[in-house]
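These notes are about the structure you will find just below.
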Amino acid sequence: MGEITENLKAIEGRMAQAALRAGRDPKEVRLVAVSKTKPAAAIAEAYSCGQRIFGENYVQELVGKVDELPEGICWHFIGNLQSNKVRQIAGKVELIHSVDRASLAKEIDRQWGALGRVCEILIQVNISREETKGGTSSEELIDLVREVAQLPHVKIVGLMTMPPFFDEPELARPFFRKLRELSEEVAGARIEGVEMRELSMGMSGDFEAAIEEGATLVRVGSALFGERQYH
Ligand SMILES: *Cc1c(COP(=O)(O)O)cnc(C)c1O
């Protein structure tokens with residue numbers, strides 16, 4: 001058994017245990033295999049074990065991999081996205097996790113509209129207000145949701161967050177809880193066309209705490225594919 005195969009089994013087991021601890025159905029939680037900087041062969045190994053959702057951060061890299069890898073893969077875009085690059089990924093990804101401003105949502109609307117399709121998105125919230133991270137503030141979230149909800153070719157299906165980096169997963173837990181509370185507030189506002197069915201939170205170091213707090217999508221990279229090397 002290859003290393004990625006072993007890691008995948010272990011992560012799936014830990015995900016299921018975390019869901020059960022929280023009284024949740026493990027099927028409610030899906031793994032986004034974060035494959036940025038990793039070669040197509042690594043993705044192919046995980047795919048051969050049944051993994052279907054892969055998350056990428058860079059437009060160029062994503063576009064190359066889409067052409068190279070099986071059509072059955074469900075690609076998610078999870079990184080910072082510049083409006084002038086949206087056209088390159090239009091129709092190629094099934095979910096964008098990182099929408100944090102109306103101008104970006106409008107460009108997604110324009111590009112998916114040109115294909116006659118609707119793009120599902122999550123609104124990224126920067127709960128910790130770290131300047132180096134994307135995301136709208138908690139305070140501006142509801143106004144942004146209302147504005148984006150009016151776009152005909154964009155559908156908001158949930159929220160995403162990335163807490164500050166901690167060595168200790170328990171320190172990330174309050175940020176996960178806050179995201180769930182925000183999603184309940186948005187759901188309570190009953191904005192037409194908006195669904196709050198996804199909470200994208202939790203990474204290699206803290207996905208179990210995120211699942212216990214309600215995550216439906218966990219984004220796991222290094223625990224699955226090994227440490228990343230940037231050149
Ligand atoms: C890289 C990345 C991840 C995965 O991080 P790991 O710690 O390697 O699991 C998750 N989410 C986002 C937005 C990322 O950029």
Side-chain angles (χ1 to χ4, degrees), residues 3-15 18 29-39 42-43 45-46 51-63 65 73-82 85-86 89 93-101 104 108 120-136 157-173 175-176 178-180 198-231:
E3 197 173 335
I4 292 170
T5 306
E6 276 180 40
N7 292 344
L8 183 62
K9 300 284 168 245
I11 291 164
E12 285 171 344
R14 288 169 60 193
M15 286 173 61
V29 191
R30 290 175 301 155
L31 172 65
V32 179
V34 176
S35 45
K36 62 179 178 227
T37 79
K38 297 297 176 183
I43 297 174
E45 180 177 346
Q51 177 62 29
R52 288 295 175 268
I53 307 176
F54 291 85
E56 289 281 341
N57 291 58
Y58 309 107
V59 167
Q60 224 47 56
E61 191 181 337
L62 170 79
V63 170
K65 286 174 173 171
I73 290 182
C74 172
W75 296 99
H76 286 192
F77 195 84
I78 65 170
N80 266 334
L81 184 54
Q82 290 169 284
K85 298 203 170 155
V86 170
I89 64 167
V93 296
E94 299 199 16
L95 184 65
I96 301 177
H97 291 228
S98 45
V99 178
D100 61 359
R101 55 198 190 279
L104 174 59
I108 295 169
E120 293 197 338
I121 65 162
L122 307 178
I123 301 291
Q124 182 175 352
V125 191
N126 187 349
I127 294 170
S128 53
R129 292 178 165 276
E130 280 178 290
E131 292 201 359
T132 54
K133 289 205 174 106
T136 185
V157 297
L159 304 179
M160 180 271 232
T161 198
M162 236 178 135
F165 178 79
F166 298 112
D167 286 327
E168 167 53 56
E170 284 309 311
L171 296 175
R173 188 184 292 275
F175 296 90
F176 299 144
K178 176 71 180 175
L179 193 72
R180 187 187 59 206
E198 305 288 358
L199 279 179
S200 168
M201 56 190 196
M203 318 202 312
S204 290
D206 54 20
F207 66 86
E208 288 152 307
I211 290 169
E212 288 166 8
E213 297 302 328
T216 64
L217 292 165
V218 292
R219 309 179 309 268
V220 177
S222 46
L224 176 59
F225 294 116
E227 291 300 324
R228 286 177 294 275
Q229 272 162 16
Y230 292 94
H231 304 284

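Numbering of ligands and ligand atoms starts at 1, following listing order.
- Using modelled atom types, one finds a donor on one side chain and an acceptor on the other under 3.5 Å when comparing Arg219 with Ser200.
- Nearest to atom 14 (C) of ligand 1 among the protein's heavy atoms is Lys36 NZ, 2.9 Å.
- Between Gly221 and ligand 1, at least one N/O pair is under 3.5 Å apart.
- Against a heavy-atom cut-off of under 4.0 Å, Val220 is close to the following atoms of ligand 1: 9 (O).
- Under 3.5 Å, the side chains of Thr5 and Glu45 contain a donor-acceptor pair of N or O atoms.
- Ionic pairing of Arg14 and Glu208 is present here: one or more N-O contacts between side-chain nitrogen and carboxylate oxygen are shorter than 4.0 angstrom.
- Atoms of ligand 1 found under 4.0 Å from any heavy atom of Asn57 (numbered from 1 in listed order, with element): 14 (C), 15 (O).
- If you check which protein heavy atom lies closest to atom 10 (C) of ligand 1, you get Met203 SD, 3.2 Å.
- Of the protein's non-hydrogen atoms, the one nearest atom 11 (N) of ligand 1 is Arg219 NE, 2.8 Å.
- The existence of a salt bridge linking Glu130 and Lys133 is confirmed by a sub-4.0 Å separation between a basic side-chain nitrogen and an acidic carboxylate oxygen.
- For the pair His76/Ile53, a side-chain contact is recorded, criterion being any heavy-atom separation below 4.5 Å from C-beta on.
- Looking from atom 6 (P) of ligand 1 to the surrounding protein, the closest heavy atom is Ser204 OG, 3.5 Å.
- The shortest heavy-atom distance from Arg228 to ligand 1 is under 4.0 Å.
- Side-chain contact, Glu56 with Ser35: a donor N or O sits under 3.5 Å from an acceptor N or O.
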